[in-house]
Amino acid sequence: MTPDTTPSTYLQSLNRGLHAAMAADEAVHFAGEDVLDPYGGAFKVSAGLSTRFPDRVHTTPISEGAITGLASGMALRGLKPVVEIMFGDFLTLTFDQILNHAVKFGAMYGTEVPVPMVIRTPMGGRRGYGPTHSQSIEKHFCGIPGLKVISPSHVHAAGDLLGAAIASETQPVLFIEYKSLYPLPLFTGSELLNVAPAPTGSYATRIVRNFETGEPDAVLIGYGGVAPLMLEVAERLAEEEINVSVVLPAVISPLDIAPIAQEVACARRALVVEEGVAGFDWGAEVAARLHETLFGKLDRPVRRLASKPQIIPTSKDGEAGTLISADDIEAAVYEELA
Amino acid sequence: MQKALTPRGSLRAMYETMALIRAVETSLLDLFGKGKLRGTVHTGIGQEAIAAGVVAALDLDRDVICSNHRGHGHYLAYCGDAKGLIAEIMGRPDGVCKGVGGSQHLHKKNFYSNGILGGMAPVSVGMAMGEKTKRSGAIVVQFAGDGALAEGAFYEAFNMAALWKLPYMLVVEDNGYAQSTPKALEQSGTLADRAKPFGIRVMEVDGNDAEAVHEAAETLSDHIRSGAGPGVLYCSTYRLAPHSKGDDIRDKTEIADAWTREPIVRARAKLPLEFCDAVDQAVATHVRDIIEALA
Ligand SMILES: Cc1ncc(C[n+]2csc(CCOP(=O)(O)OP(=O)(O)O)c2C)c(N)n1
Ligand SMILES: [Mg+2]
């Protein structure tokens with residue numbers, strides 16, 4: 001598929017990616033709760049699909065486990081299903097279907113059986129939905145053999161990534177979208193920040209720097225919804241002439257540490273940021289892999305930054321006090337550089 | 001074994017299938033006892049009429065089977081591949097799944113099994129959705145036990161299958177027990193009626209009578225194939241061997257009594273003795289040859 005270069009928000013990009021994927025291949029089906037027009041999905045990512053492809057868009061009962069199984073079955077019989085789980089929090093109900101079914105079929109029968117399916121879901125907080133509709137629980141799905149977890153930032157062409165996952169992956173993909181990114185325009189650079197040219201392949205890790213020449217003083221690593229926070233910190237630090245690189249992988253599991261390690265090798269100081277709660281987190285994997293790769297070449301241990309390990313209150317102040325913020329990240333960078 | 005010359009669905013052909021399943025599974029228990037097999041083996045000794053009767057009613061060129069932990073019989077009825085199955089359970093690279101899947105995870109052509117109870121219900125329904133979309137005319141048949149029906153996944157799957165009139169058939173093999181637990185200790189109400197409120201057609205049959213199973217499976221599969229929506233074939237039976245290779249805490253007289261009503265005894269009563277003995281001898285030789293070759 002040709003990359004979509006029309007300026008758009010993260011949400012529009014995803015919507016266009018879905019339209020393009022369904023137009024390109026009759027085998028692509030879309031299923032989820034409340035996905036029919038004129039409603040078009042709880043977050044409108046599926047808007048217009050059912051009008052354009054009425055036979056291939058299926059509004060489903062509220063059965064997250066079963067629709068995930070449904071997708072496995074469809075994929076095993078030659079279709080390319082895309083499933084929408086209304087809120088990422090509800091992925092808990094899909095866990096058995098993912099872990100003991102979807103990812104097993106491809107590998108447990110001795111020869112590779114294709115299971116091309118994409119489960120996509122909005123994740124994260126900052127919209128006041130409270131304890132059970134604001135979480136970032138994707139860490140529980142990372143490290144599952146056979147499952148690719150993709151979570152693009154708004155620096156990625158999110159819709160192209162989704163389209164590529166639907167068109168090209170032959171085994172299950174969990175595609176994590178951040179609700180807080182939906183209204184943001186895709187980021188292509190600003191006065192203070194430049195986006196490094198990405199190698200070909202839409203999944204490429206993107207790097208945003210707040211300096212033109214020289215080396216980074218610190219590297220910020222993160223994905224999905226923390227990208228705008230990290231960019232904001234990079235802008236603030238640019239004004240203080242502190243060089244930072246923001247490294248944004250899209251495929252968060254399995255993790256390709258090479259492009260991250262390359263940037264960290266220059267800075268010798270790295271911070272990993274995520275919106276999920278602290279402890280047994282994605283950052284732990286990144287930190288461990290960086291220490292394995294760059295043992296003895298770092299000035300400081302890799303620093304992990306995550307949300308507080310507690311429930312996410314509904315109130316504005318309560319939520320803000322729980323989730324990782326730009327101020328938290330900025331303060332941590334100063335500590336690391338001290 | 002030579003391909004049956006008798007028409008599929010005749011009692012003779014189903015006897016051949018049942019005899020093969022019985023011979024293979026008896027040998028598997030023997031191999032287990034000799035320490036030649038690892039892990040676990042669930043046999044369907046006593047339940048062969050369900051595998052033989054249902055599969056004989058299917059269109060093997062296109063229909064899809066989703067089986068469970070007790071699936072050797074379904075597999076053998078589907079493709080007769082005793083060598084691939086035994087080698088698989090022995091963990092050999094020449095097994096049908098190269099020793100990766102083992103007893104509970106088999107796949108060949110349109111046959112798939114998984115050892116997670118209940119989880120294959122939505123997967124089967126998704127397969128049925130795939131077949132309906134492709135207009136293949138195929139139906140998807142899932143096998144499950146009485147105990148598995150306590151898993152919630154079935155009811156989500158029933159709802160979707162009925163809502164979308166999918167070509168899905170669930171075959172319940174009610175053998176009265178789930179592992180060590182009798183049905184009365186874990187199922188409320190009437191198990192055979194579970195799918196009825198979804199508007200799903202349910203047929204109940206004596207699962208030890210191969211001809212009755214076959215006839216019901218034909219009626220139900222025709223109904224499903226015509227686009228009328230999913231169906232449940234509810235078969236009553238009894239597991240003669242232990243749950244897996246291990247201990248059996250069931251009442252000894254209950255088991256002894258069940259041996260007088262089991263499907264092979266029942267079929268023999270209706271068939272010429274010489275035919276049955278010849279089939280038994282042929283499958284015994286066939287299985288012995290396979291095991292010798294694999295030893
Ligand atoms: C989700 C799940 N829970 C538990 C088990 C362990 N287990 C395997 S077979 C079995 C009993 C199943 O009983 P039933 O469905 O009646 O089938 P049967 O063994 O009688 O053929 C149990 C509890 C399992 N494999 N999967
Ligand atoms: Mg049982």
Side-chain angles (χ1 to χ4, degrees), chain A residues 25-33 53-83 90 93-117 119 145-146 172, chain B residues 62 64 66 84 87-88 91-102 104-134 136 138 140 142 151-164 166 168 198:
Chain A
D25 188 348
E26 289 244 305
V28 178
H29 280 240
F30 188 84
E33 296 159 19
F53 312 102
D55 298 338
R56 291 192 276 138
V57 177
H58 313 279
T59 196
T60 67
I62 305 160
S63 306
E64 291 77 13
I67 58 181
T68 306
L70 183 85
S72 282
M74 292 169 80
L76 283 167
R77 301 306 299 167
L79 301 181
K80 292 182 171 179
V82 180
V83 160
F90 313 155
L93 294 150
T94 70
F95 200 64
D96 176 57
Q97 280 299 334
I98 292 177
L99 183 72
N100 279 328
H101 296 82
V103 302
K104 291 293 184 283
F105 297 122
M108 75 177 174
Y109 294 137
T111 41
E112 195 192 324
V113 175
V115 192
M117 58 186 272
I119 303 162
Chain B
R62 54 181 177 171
V64 181
C66 278
E88 179 63 29
R92 295 172 49 109
D94 51 354
V96 56
C97 295
K98 300 184 179 157
V100 179
Q104 303 190 82
H105 314 96
L106 302 169
H107 168 53
K108 183 169 182 156
K109 291 188 273 188
N110 286 351
F111 185 99
Y112 308 79
S113 72
N114 193 347
I116 298 291
L117 299 177
M120 290 301 271
V123 175
S124 306
V125 167
M127 290 176 162
M129 178 95 145
E131 297 308 316
K132 185 175 179 179
T133 303
K134 291 185 288 179
S136 68
V140 179
Q142 182 192 0
E151 291 287 356
F154 276 104
Y155 306 95
E156 295 188 17
F158 287 165
N159 185 38
M160 290 196 304
L163 186 67
W164 297 328
L166 297 178
Y168 166 67
F198 295 90

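Here the structure is a predicted model, which is why all the values come from computation and not from measurement. Note on naming: letters A, B, ... go to the chains in the order of the sequence lines (proteins, then strands), and numbering restarts at 1 for each one.
Chain B forms the most heavy-atom pairs under 4.5 Å with one residue out of A:D55, A:T60, A:T111, and that residue is A:T60. Between chain B and the residues A:M108, A:H58, A:H29, A:K104, the most heavy-atom pairs under 4.5 angstrom are made by A:M108. Heavy-atom pairs under 4.5 Å with chain A peak, among B:V123, B:V125, B:V100, B:L163, at B:V123.
For the side chain to side chain contact (heavy atoms under 4.5 Å, CB included) criterion with A:R77, the lone passing option out of B:V140, B:N110, B:T133 is B:N110.
For the atom pair CG of A:L70 and CE of B:M129, the computed distance is 5.0 Å after rounding to the nearest 0.5 Å. How far NZ of B:K132 is from CE of A:M74: 11.5 Å, rounded to the nearest 0.5 Å.
Crowding of B:K134 atom NZ: a count of heavy atoms from other residues, nucleotides or ligands under 6.0 Å exceeding 12. Counting non-hydrogen atoms of neighbouring residues, nucleotides and ligands closer than 6.0 angstrom, the CD atom of A:E112 exceeds 12 such neighbours.
Contact annotation for A:A31: neither backbone nor side-chain heavy atoms come within less than 4.5 Å of a heavy atom of chain B. If you measure heavy-atom distances from B:Y112 to chain A, the contacts under 4.5 Å come from both the backbone and the side chain. With a 4.5 angstrom heavy-atom cutoff, B:K108 does not touch chain A via any of its atoms.
Between A:Q97 and B:P122 the shortest heavy-atom distance is NE2-CG, 3.5 Å. Here the closest non-hydrogen pair linking B:S113 and A:Y109 is O-OH, 2.6 Å. Residues B:E156 and A:S63 come closest through the heavy atom pair OE1-CB, 3.0 Å. Of all non-hydrogen atoms in B:G130 and A:L79, the two that sit nearest each other are CA-CD1, 3.7 Å.
Checked by atom type and distance alone, the side chain of B:N114 pairs as donor or acceptor with a backbone atom of A:N100 at under 3.5 Å.
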